[in-house]
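Read through the structure below, which is laid out as structure tokens, and then see the notes.
All heavy atoms count here, side chains included; hydrogens, waters and symmetry mates do not.
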2 protein chains.
Amino acid sequence: MSVRARMRRFEQALRERGLKSTAQRDDIARVFFGAEGHLSVEELYAAVRRVNPRVGYATVYRTLKLLKECGLAAERHFDDGQARYEPVEDDQQQHDHIICERCGKIVEFASQELERLQERIGRFLGFVVGRHRIELYGICAECREGRRRRPRSEHGVHRL
Amino acid sequence: MSVRARMRRFEQALRERGLKSTAQRDDIARVFFGAEGHLSVEELYAAVRRVNPRVGYATVYRTLKLLKECGLAAERHFDDGQARYEPVEDDQQQHDHIICERCGKIVEFASQELERLQERIGRFLGFVVGRHRIELYGICAECREGRRRRPRSEHGVHRL
DNA sequence: TGGCGAATTGAAAACGCTTTTCAATTTCAC
DNA sequence: GTGAAATTGAAAAGCGTTTTCAATTCGCCA
């Protein structure tokens, strides 16, 4: 989905809630939708500042909370102690993450087999499983070969 | 492993590091080893206080950090925003958790199939996977049937 | 187009959990 | 026992996040 389309979704969500459309909100949302996923608040704040230096930290937090409530952003808590956010594709199935502990690269994957297995384990233990958190931590190929130091987060979900 | 045996391990670890043995440290470690797993700092602090009201919060934090470094405690971060700690059995394989979102019950499980699958996914994506974090969230049988409100954390790892 | 009440904003304060500081106390090798 | 070094509790600081509050902005209605 394009940034444009997401912005329309956002504006619509605001209207539905009786909220106002402001320059700050729009700028934050636009930068967020335009960036590739897994941004920390700090990173988003810095990126938004480049576009509009008048936005404050609090507004970034508030807007992310809003985007989350609208279902346009997903909040993730990896092991680095700060929340990260990714834009949600509406056709996007649930997915998980594998993270390189050397360079910080985050790769998304979705495994049907993993879904099934998790479901089965839950049922065996008497649970009805709703959501899960699955994170694998390791070293990526590039880092093992000493090729790159800080690659960008790879984009898109690998379907397995 | 008994509380006694764990205490011996702890004392030994202290000696190896040239650290001193104190009443506070011993009390905290003993209570920790004696409790069933997944205690928050707050819970451990309260339990230790019942035994020895002279211990401070900071010392509980410091001792948990120490136990972690000695490999006698594992730190977990579930979705409730505070760290939880469990005693480590030395024969204990890596295990994962399933958590009831209604009553907070935490059940441990270890699935070979899950291990294998995770390993396979990692390799496919070019990673060498070291550790992982797998948490399933759902509703447990008791809660679904409205039987109990706040059961204790079930003890022991379910091997699947 | 202007006016007005309500929503929104930025800065700073508050928050919750955790770590650090520091002076006072305790441990332990001699 | 003695003294240097480690440890302690209380309080302060840290860190990411949320809330407060006065000032600004939005957008409905005249």
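The distance from atom CZ of A:Arg49 to atom C1' of C:dT9 is 13 Å, rounded to the nearest whole Å. Rounded to whole angstrom, the span from the CG atom of B:Leu44 across to the C1' atom of C:dC17 amounts to 15 Å. In this structure, the CD atom of A:Glu11 is 14 Å from the C1' atom of D:dG27, given to the nearest Å. The OH-C1' distance, from A:Tyr45 to D:dG16, rounds to 15 Å in whole Å. The CD1-C1' distance, from B:Ile28 to D:dT7, rounds to 11 Å in whole Å.
Looking at heavy atoms from C-beta onward, A:Ile121 lies out of side-chain contact with A:Val129 at the 4.5 angstrom threshold. Residues A:Glu11 and A:Arg8 fail the side-chain proximity criterion, which asks for heavy atoms closer than 4.5 Å.
With 3.5 Å as the limit, one finds no donor-acceptor pair spanning the side chains of A:His38 and A:Glu43.
In this structure, the ring of B:His77 has its center no less than 6.0 angstrom from the ring center of A:His77.
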Let me have a per-nucleotide readout for nucleotides 18-30 of chain C, 5' to 3', with B, S or -, counting only protein heavy atoms under 4.0 Å. BBBB-----BS--

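Cluster membership check: A:Val157 does not share its hydrophobic cluster with A:Met1, using side-chain heavy-atom separations under 4.5 Å among Ile, Leu, Val, Met, Phe, Trp and Tyr.
A salt bridge links B:Glu119 with B:Arg123: the closest approach of a Lys/Arg side-chain nitrogen to an acidic carboxylate oxygen falls below 4.0 angstrom.
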